[in-house]
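Reviewing the structure listed below.
Residue numbers start at 1 and run along the sequence shown.
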Amino acid sequence: MYCLTSRSTTAAILPPIDATTRSGQFSAHLGEAPTAGLLVHNRAQLDWLDGILDRHPDLVIENCASGGMRMDHALLSRLQLQSTSDQQDLLLYPPIAAAAPTAVTPEQGAVWAYPQSGDTPDEVALTVANALLGRIHLSGRITELGPHERSLVHEAVAVYKSIRADLPRALPGWPLGLPSWEEPWTALALHTPTTTYVTAWRRHGADAARELDLPHLLGADVHTEVLYGPPPPGIRTPPNSP
């Protein structure tokens, strides 16, 4: 599905086309190279998108990830938003959110946040924190949250608005290495010439503290500020690191 939103006051949604643009499959007609049909299909899809954007230059189009099969440069160079996943488990989204900048720019990578009415305050905070270093896509039944849980969502959105102008010029880094699916700790850093934003996730495990490797800050005069969430007692930072 492509979700189309005009920058004016109108919006439109195209019919679902997930099942008709499966870019990982191809035809195998006799006499054709195995990928000939796939190439023709993909080029036709790109021509169709180019035509839409030529006719409606103010449209913002979100591309569904389709399991990552459509996170290729041909589409990313045309479409303003890229959904990173439909994952709704707040503990499974951190490695997806942290790895997303390996394929898509932070301001383009849409990370879904689904706070639910039965979530604890910590779960709500984790859900929305997953999206702060990407393009936050807020969903779920926000109106059914309690006052404290709603305030956590409002606070996260306010933080996101305060940093989003930095995202297009920020470079990603992985202070704990590239994320893996089962690791208890995951971290993503986005740094500009003057500011480094870090999200660190501890999902499970006995280790209450980890040191984050941020070599670009070596020797710098660093000021540390917690933008969202409680002070992180489980994170130790060595001298001259944030």
Side-chain angles (χ1 to χ4, degrees), residues 62 65 81 83-101 106-107 109-167 170 172-177 179-191 195-212 214 222-237 241-242:
E62 178 194 348
L81 296 176
S83 180
T84 54
S85 178
D86 291 330
Q87 179 60 250
Q88 296 186 45
D89 188 320
L90 72 164
L91 292 177
L92 296 181
Y93 218 132
I96 299 171
E107 71 276 13
V111 178
W112 289 91
Y114 300 93
Q116 303 294 323
S117 59
D119 289 347
T120 67
D122 283 346
E123 289 171 335
V124 170
L126 175 59
T127 299
V128 290
N130 287 338
L132 291 183
L133 294 187
R135 185 74 167 256
I136 187 169
H137 273 23
L138 193 59
S139 185
R141 298 182 179 273
I142 307 298
T143 57
E144 296 182 4
L145 297 176
H148 178 51
E149 288 75 19
R150 282 201 307 273
S151 71
L152 292 172
V153 175
H154 284 296
E155 181 186 349
V157 172
V159 168
Y160 177 75
K161 289 181 177 180
S162 73
I163 69 173
R164 63 183 174 185
D166 279 343
L167 298 187
W174 292 269
L176 296 174
S180 63
W181 195 243
E182 299 293 343
E183 283 293 323
W185 282 84
T186 302
L188 170 65
L190 297 179
H191 62 88
T195 307
T196 298
Y197 300 103
V198 178
T199 298
W201 294 267
R202 179 197 175 202
R203 295 184 290 165
H204 57 83
D207 292 337
R210 289 294 303 269
E211 291 188 356
L212 304 181
L214 298 164
V222 174
H223 168 72
T224 303
E225 179 183 359
V226 177
L227 296 180
Y228 183 70
I235 297 180
R236 293 195 305 264
T237 53
S241 296

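No donor-acceptor pair under 3.5 Å is formed between the side chain of His154 and the backbone N or O of Glu149. With hydrogens and angles disregarded, a donor-acceptor distance shorter than 3.5 Å links the side chain of Asp119 to the backbone of Gln116. The main-chain N or O of Ser117 is never found under 3.5 Å from a side-chain atom of Arg141 such that the two would form a donor-acceptor pair. In this structure a side-chain-to-backbone donor-acceptor pair under 3.5 Å is present from Arg203 to Glu183. Here the side chain of Arg202 pairs a donor or acceptor atom with the backbone of Asp207 at under 3.5 angstrom. Between the side chain of Arg150 and the backbone N or O of Leu145, at least one donor-acceptor pair lies under 3.5 Å.
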Report task. Decide yes or no on side chain to side chain contact (heavy atoms under 4.5 Å, CB included) for Leu188 and Tyr197, but give the supporting numbers first. Result -> CA-CA 8 Å; Leu188 170 65; Tyr197 300 103; over 6 Å; no
Report task. Could you walk me through whether Tyr93 and Thr127 pass the side chain to side chain donor-acceptor pair (under 3.5 Å) test, one step at a time? Result -> CA-CA 8 Å; Tyr93 218 132; Thr127 299; over 6 Å; no
Report task. Please assess His137 against Ser83 for the test side chain to side chain contact (heavy atoms under 4.5 Å, CB included), listing each intermediate value before the final yes or no. Result -> CA-CA 9 Å; His137 273 23; Ser83 180; 5.8 Å; no
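With rounding to the nearest 0.5 Å, the separation of NE2 in His191 from CG in Asp166 is 12.5 Å. Considering CD of Gln87 and CD1 of Ile96, their distance stands at 5.0 Å, rounded to 0.5 Å. Here CG of Leu126 is found 6.0 Å from CG of Leu91. Values are rounded to the nearest 0.5 Å.
Nearest heavy-atom pair across Gly118 and Glu123 is O-OE1, 4.4 Å. Nearest approach of Thr186 to Pro179, heavy atoms of both residues: CG2-CB, 3.7 Å. Minimum heavy-atom separation, Ala98 to Trp201: CB-CZ3, 3.8 Å. Summarising the geometry of Ala131 relative to Ile136, their closest heavy-atom pair is CB-CG1, 3.7 Å, with the distance given to 0.1 Å. When all heavy atoms of Ala187 and Pro175 are compared, the closest pair comes out as O-CD, 3.6 Å. Considering every non-hydrogen atom in both Tyr160 and Leu167, the closest pair reads CE1-CD1, 4.0 Å.
Contact check for Leu152 versus Val128: no side-chain heavy atoms found under the 4.5 Å cut-off. Taking 4.5 Å as the limit, some side-chain heavy atom of Leu81 sits within range of a side-chain heavy atom of Arg135. Val124 has its side chain within reach of Pro115: a pair of non-hydrogen atoms, C-beta onward, lies under 4.5 Å apart. Between Val198 and Leu214 the shortest side-chain heavy-atom distance falls below 4.5 Å. Between Leu212 and Trp185, the closest side-chain pair of non-hydrogen atoms is not below 4.5 Å. Side-chain contact check for Trp174 versus Pro101: some heavy-atom pair is nearer than 4.5 Å. Looking at Leu227 and Ile163, their side chains come closer than 4.5 Å, going by heavy atoms from C-beta outward.
Side chains of Thr199 and Tyr228: no donor on one and acceptor on the other come within 3.5 Å.
With sequence neighbours excluded, the residues that form a ring-ring contact (aromatic ring centres under 6.0 Å, His included) with Tyr114 are Trp112.
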